[in-house]
Student: 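What follows is a structure written as structure tokens; I'll ask about it next.
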Amino acid sequence: MRDCTEIDLSKTLLDWYDRHAREMPWRIGPVDRAAGVMPDPYRVWLSEVMLQQTTVAAVRDYFIRFTTRWPTVKALAQAQDDQVMGEWAGLGYYARARNLLKCARVVAAEYDGQFPERYDELLTLPGVGPYTAAAIAAIAFDQSETVLDGNVERVMARLYDIHDPLPGSKPLLKEKAASLTPPLRPGDHAQAVMDLGATICTPKSPACGICPLYAPCLARAAGTQTELPQKTPKKPKPTRLGHIYIAQRRDGALLLERRPDKGLLGGMLGWPGSDWSDAPVENPPFPARWQEIPGEVRHTFTHFHLILRIWTTKLPDGFTPDDFVIMDKHQFKPSDLPTVMRKGFDLWRGQ
DNA sequence: TATGCGTGGGT
DNA sequence: TACCCAAGCAT
């Protein structure tokens, strides 16, 4: 049972959304939605997976390329793994791409290409967690589910002036968010809260002066909005070192490797190399006169900084070492590489 | 509950 | 520069 205040807040938010909703390739705007147009669940799912920990600006072009190449979940389910990994290259968190394919194949095979509509059933799909399941149920199927992402956490922490630190405060924030979720237009409501968090209730300098929730916001009243939400402090990132080896044949073909599915950059194409550590052990893919090229690659992952040295040599004709991939000049695309590997390629090509 | 997992943009 | 942050999930 909700009291009148939450209903009022929800209506205020929807009114604001009706006027200020952002346009996105995967979104059905409030006007079309009011006319009965519903989004394609495949596109909602794909966009939500891409948007996990990733900005709208970074996702837009990837989403267009994916949906152009694979317009339906059945089409995606039939794609080859390396084609999907290549198309995902540069977007990061590559386990998402592997789970994307798994999920597409489950939906194609077990659901005849129709996404399930219920939260708990969505939650069983690979790569679909509590946020994404709620987002799909609310946005694609207008079910009254509550999304809790970074935006919603921030908006709720401020609206209710909650100082308990994340992630411990998640249950409380979810409870607050649920109390605002309306029985009607839950999809628009979910997108409204997230739009508010992305454009008004921003992390650094929230635009409280133009916020539709200015009046009821407890943090704004207390002047604590920029301190919220509180987060437990992060650990410092160590710096690791490594070597990579780029070998090219006379005809231009390159020696690469497909990385194992588990772990960092799992399933992606990359250059053969050493381990990444304080004292990496040099580990060329075959014995040769390897030359170190000037400069280094610097890259930062989620939990460590990396400095890579680049070594190069000629790849002998007719040489096909086990556990490596030889890519012809015309089939190799730098854009198929994860960014750290593309940086290595760029440095090598530029010298 | 804590940790591993990418990348690019903003300040 | 060195953080912080972004529509989280799997283990």
Student: Residues in ring-ring contact (aromatic ring centres under 6.0 Å, His included) with A/Tyr62, at least two apart?
Tutor: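 Per chain and number, A/Tyr62 pairs via ring-ring contact (aromatic ring centres under 6.0 Å, His included) with no residue.
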
Student: Contact class for A/Leu265 (heavy atom, under 4.0 Å): base, sugar-phosphate, or nothing?
Tutor: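 Sugar-phosphate, backbone atoms only, no base.
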
Student: Using a heavy-atom cut-off of 4.0 Å across all strands, would you classify A/Trp45 as base, sugar-phosphate, or nothing?
Tutor: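 The answer is nothing, as A/Trp45 stays clear of every strand by at least 4.0 Å.
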
Student: Identify the residue among A/Ile244, A/Ile310, A/Val297 that makes a side chain to side chain contact (heavy atoms under 4.5 Å, CB included) with A/Lys343.
Tutor: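 Per the side chain to side chain contact (heavy atoms under 4.5 Å, CB included) rule, the option paired with A/Lys343 is A/Val297, out of A/Ile244, A/Ile310, A/Val297.
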
Student: Who are the side chain to side chain donor-acceptor pair (under 3.5 Å) partners of A/Asp149, not counting sequence neighbours?
Tutor: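 In terms of side chain to side chain donor-acceptor pair (under 3.5 Å), with neighbours along the sequence ignored, A/Asp149 is linked to A/Asn151.
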
Student: Please tabulate, one pair per line, each protein N/O and nucleotide N/O from nucleotides 8-11 of chain C that are separated by under 3.5 Å, including the distance.
Tutor:
unit_1: C/dG8; atom_1: OP1; unit_2: A/Gly150; atom_2: N; d: 3.3
unit_1: C/dG8; atom_1: OP2; unit_2: A/Gln53; atom_2: N; d: 2.7
unit_1: C/dG8; atom_1: OP2; unit_2: A/Gln53; atom_2: NE2; d: 3.1
unit_1: C/dG8; atom_1: O5'; unit_2: A/Gln53; atom_2: N; d: 3.3
unit_1: C/dC9; atom_1: OP1; unit_2: A/Gly129; atom_2: N; d: 2.8
unit_1: C/dC9; atom_1: OP1; unit_2: A/Gly129; atom_2: O; d: 3.3
unit_1: C/dC9; atom_1: OP1; unit_2: A/Thr132; atom_2: N; d: 2.9
unit_1: C/dC9; atom_1: OP1; unit_2: A/Thr132; atom_2: OG1; d: 2.8
unit_1: C/dC9; atom_1: OP2; unit_2: A/Pro130; atom_2: N; d: 3.4
unit_1: C/dC9; atom_1: OP2; unit_2: A/Tyr131; atom_2: N; d: 3.2
unit_1: C/dA10; atom_1: OP1; unit_2: A/Gly127; atom_2: N; d: 2.5

Student: With DNA chain B as reference, determine whether A/Ala58 or A/Lys204 sits nearer its 5' end, using the nearest nucleotide of each.
Tutor: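 So the residue in question is A/Ala58.
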
Student: Nearest-nucleotide wise, let me know which of A/His305 and A/Gln191 is further upstream toward the 5' end of DNA chain C.
Tutor: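 This one resolves to A/His305.
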
Student: With the threshold set at under 4.0 Å for non-hydrogen atoms, list the residues of residues 266-280 of chain A touching DNA chain B in residue-number order.
Tutor: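 Listed by number, there are none.
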
Student: So does A/Arg154 get a side-chain nitrogen or oxygen closer than 4.0 Å to the phosphate oxygens (OP1/OP2) of C/dC5?
Tutor: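 For A/Arg154, the contact criterion (side-chain N or O under 4.0 Å from OP1 or OP2 of C/dC5) is not met.
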
Student: What's the verdict on side chain to side chain contact (heavy atoms under 4.5 Å, CB included) for A/Met50 and A/Trp88, showing C-alpha distance, side-chain angles and the deciding distance?
Tutor: CA-CA 9 Å; A/Met50 287 183 166; A/Trp88 194 278; 3.7 Å; yes

Student: So which pairs with a foot in residues 96-125 of chain A pass ring-ring contact (aromatic ring centres under 6.0 Å, His included), sequence neighbours left out?
Tutor: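 Listed by first then second residue: A/Trp45-A/Phe115.
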
Student: Walk along DNA chain B from 5' to 3' and tell me the first and last nucleotide with an atom closer than 4.0 Å to a non-hydrogen atom of chain A.
Tutor: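 The protein-touched segment is B/dT3 to B/dG8.
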
Student: Which side chain to side chain donor-acceptor pair (under 3.5 Å) pairs, counting each pair once, include a residue from residues 94-103 of chain A, with sequence neighbours left out?
Tutor: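 Side chain to side chain donor-acceptor pair (under 3.5 Å) check on residues 94-103 of chain A returns A/Thr54-A/Arg96.
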
Student: Can A/Arg220 be said to sit on top of A/Tyr214's aromatic six-ring, NZ or CZ under 6.0 Å from centre and within 45° of the ring axis?
Tutor: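 That pair qualifies as a cation-pi contact.
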
Student: Mapping A/Gly168 and A/Arg342 onto DNA chain B by nearest heavy atom, which one lands closer to the 5' end?
Tutor: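 First, find each residue's nearest nucleotide; the 5'-ward one identifies A/Gly168.
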
Student: Mind jotting down which residue pairs meet the salt bridge (Lys or Arg N to Asp or Glu O under 4.0 Å) criterion with at least one end in residues 223-241 of chain A? Sequence neighbours excluded, please.
Tutor: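 Checked against salt bridge (Lys or Arg N to Asp or Glu O under 4.0 Å) - neighbours excluded - no pair reaches residues 223-241 of chain A.
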
Student: Output every pair passing ring-ring contact (aromatic ring centres under 6.0 Å, His included) with a member in residues 18-39 of chain A, not counting sequence neighbours, ordered by first then second residue.
Tutor: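 Residue pairs passing ring-ring contact (aromatic ring centres under 6.0 Å, His included), neighbours aside: A/Trp16-A/His20, A/Trp26-A/Phe63.
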
Student: Against A/Arg27, only a single residue in A/Asp195, A/Asp32, A/Asp40 fulfils salt bridge (charged side-chain N to carboxylate O under 4.0 Å, His left out); can you say which?
Tutor: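 For A/Arg27, the salt bridge (charged side-chain N to carboxylate O under 4.0 Å, His left out) test succeeds with only one of A/Asp195, A/Asp32, A/Asp40, which is A/Asp195.
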
Student: For C/dT11 versus B/dG6, give the span between their P atoms, rounded off to a whole number of Å.
Tutor: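 Approximately 14 Å lies between the P atom of C/dT11 and that of B/dG6.
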
Student: What nucleic acid atoms does A/Gly197 come within less than 4.0 Å of, heavy atoms only: base, sugar-phosphate, or nothing?
Tutor: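 No contact.
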
Student: Could you walk me through whether A/Gln52 and A/Tyr93 pass side chain to side chain contact (heavy atoms under 4.5 Å, CB included), step by step?
Tutor: CA-CA 9 Å; A/Gln52 290 166 6; A/Tyr93 285 138; over 6 Å; no

Student: Using a heavy-atom cut-off of under 4.0 Å over every strand shown, decide if A/Val340 touches base, sugar-phosphate, or nothing.
Tutor: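 It contacts sugar-phosphate atoms only.
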
Student: Under the rule for side chain to side chain contact (heavy atoms under 4.5 Å, CB included), what residues qualify as partners of A/Gln78, not counting sequence neighbours?
Tutor: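 Testing A/Gln78 for side chain to side chain contact (heavy atoms under 4.5 Å, CB included), a comparison that skips the adjacent residues, returns none.
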
Student: Could you list by number each residue of residues 226-244 of chain A showing a heavy-atom separation from DNA chain B of less than 4.0 Å, or answer none if no residue does?
Tutor: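 Within residues 226-244 of chain A, the residues near DNA chain B are A/Lys235.
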
Student: Quick one: do A/Phe304 and A/Met341 end up in the same hydrophobic cluster if we chain Ile, Leu, Val, Met, Phe, Trp and Tyr together by side-chain heavy atoms under 4.5 Å apart?
Tutor: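 Yes, same cluster.
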
Student: So which pairs with a foot in residues 57-81 of chain A pass salt bridge (Lys or Arg N to Asp or Glu O under 4.0 Å), sequence neighbours left out?
Tutor: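 Passing the test, one end in residues 57-81 of chain A: A/Arg65-A/Glu87, A/Arg69-A/Glu87, A/Lys74-A/Asp112, A/Asp81-A/Arg105.
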
